[in-house]
> 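Below: one structure in structure tokens.
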Amino acid sequence: MEFVEGLLKITNVVLSLGAGYIALKLFVFSKEKRLMAWQPLIFALVFFVVQEILGALRAFNIYSSPFLTHVVPSVILAFLIYALALQIHIQSVEK
């Protein structure tokens with residue numbers, strides 16, 4: 001059972017690294033004013049990749065930091081809230 005859990009953690013990290021790569025490529029296209037809310041979402045996705053890597057390290061008992069496992073999700077949540085507020089502002093200005 002531990003083998004399956006480890007395999008799933010490694011798969012999760014590889015998929016999140018792929019998502020992080022796509023997010024960084026999307027950053028180039030988010031320069032347009034109506035797509036400005038994508039920038040904080042992209043940063044949230046990059047921090048999500050960091051969180052997944054930290055989770056895999058903790059699962060394999062390589063590195064564990066309670067401080068980082070609480071701070072990184074807070075940063076992700078802050079970027080998500082900022083992106084939502086920015087999108088609401090952009091939509092209200094366009095009307």
Side-chain angles (χ1 to χ4, degrees):
M1 192 61 160
E2 291 176 7
F3 174 76
V4 174
E5 182 182 354
L7 187 63
L8 289 174
K9 287 288 185 183
I10 291 172
T11 304
N12 202 8
V13 168
V14 170
L15 289 175
S16 64
L17 285 174
Y21 175 73
I22 292 170
L24 291 176
K25 289 188 75 150
L26 278 173
F27 193 73
V28 175
F29 299 110
S30 65
K31 301 297 182 193
E32 193 176 329
K33 177 144 177 74
R34 64 184 179 92
L35 299 175
M36 290 278 296
W38 277 91
Q39 290 178 352
L41 281 176
I42 292 167
F43 284 118
L45 185 57
V46 170
F47 276 102
F48 177 73
V49 170
V50 171
Q51 178 65 24
E52 290 300 318
I53 292 171
L54 289 173
L57 291 176
R58 186 182 68 221
F60 292 116
N61 292 327
I62 297 173
Y63 179 75
S64 179
S65 172
F67 176 74
L68 285 178
T69 56
H70 288 80
V71 170
V72 175
S74 300
V75 171
I76 293 170
L77 183 61
F79 276 120
L80 288 174
I81 291 171
Y82 176 65
L84 182 61
L86 186 61
Q87 184 64 36
I88 290 171
H89 175 72
I90 290 170
Q91 288 297 325
S92 66
V93 169
E94 283 183 358
K95 288 184 178 182

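Please read all numbers here as calculations on a predicted model, not as lab measurements.
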> Which atom pairs, donor and acceptor, lie under 3.5 Å between side-chain atoms of residues 82-92 and protein residues at least two apart or in another chain?
unit_1 : atom_1 : unit_2 : atom_2 : d
S92    : OG     : I88    : O      : 3.4
S92    : OG     : H89    : O      : 2.8

> Rounded to the nearest 0.5 Å, how far does CD1 of I42 lie from CD1 of I22?
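Going from the CD1 atom of I22 to the CD1 atom of I42 covers 11.5 Å.
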> Where do V72 and F47 come nearest, in terms of heavy atoms and distance?
CG1-O, 3.5 Å
> Under the side chain to side chain contact (heavy atoms under 4.5 Å, CB included) test, which residues partner I81, sequence neighbours left out?
L77
> Please tell me whether L8 and L15 are part of a single hydrophobic cluster in this structure, the criterion being side-chain heavy atoms less than 4.5 Å apart.
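Different clusters: L8 never reaches L15 through Ile, Leu, Val, Met, Phe, Trp or Tyr contacts under 4.5 Å.
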> For the residue pair I76 and A44, what are the closest heavy atoms and their distance?
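Minimum heavy-atom contact is CG1-O, 3.9 Å.
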> For residues 51-66, which side-chain N or O atoms pair as donor and acceptor with protein atoms under 3.5 Å away, sequence neighbours left out?
unit_1 : atom_1 : unit_2 : atom_2 : d
E52    : OE1    : N12    : ND2    : 2.5
S65    : OG     : L68    : N      : 3.3

> From L45 CG over to Y21 OH, what is the distance, rounded to the nearest 0.5 angstrom?
14.0 Å
> Among residues at least two apart in sequence or on other chains, which ones pass side chain to side chain contact (heavy atoms under 4.5 Å, CB included) with F43?
F27, F79
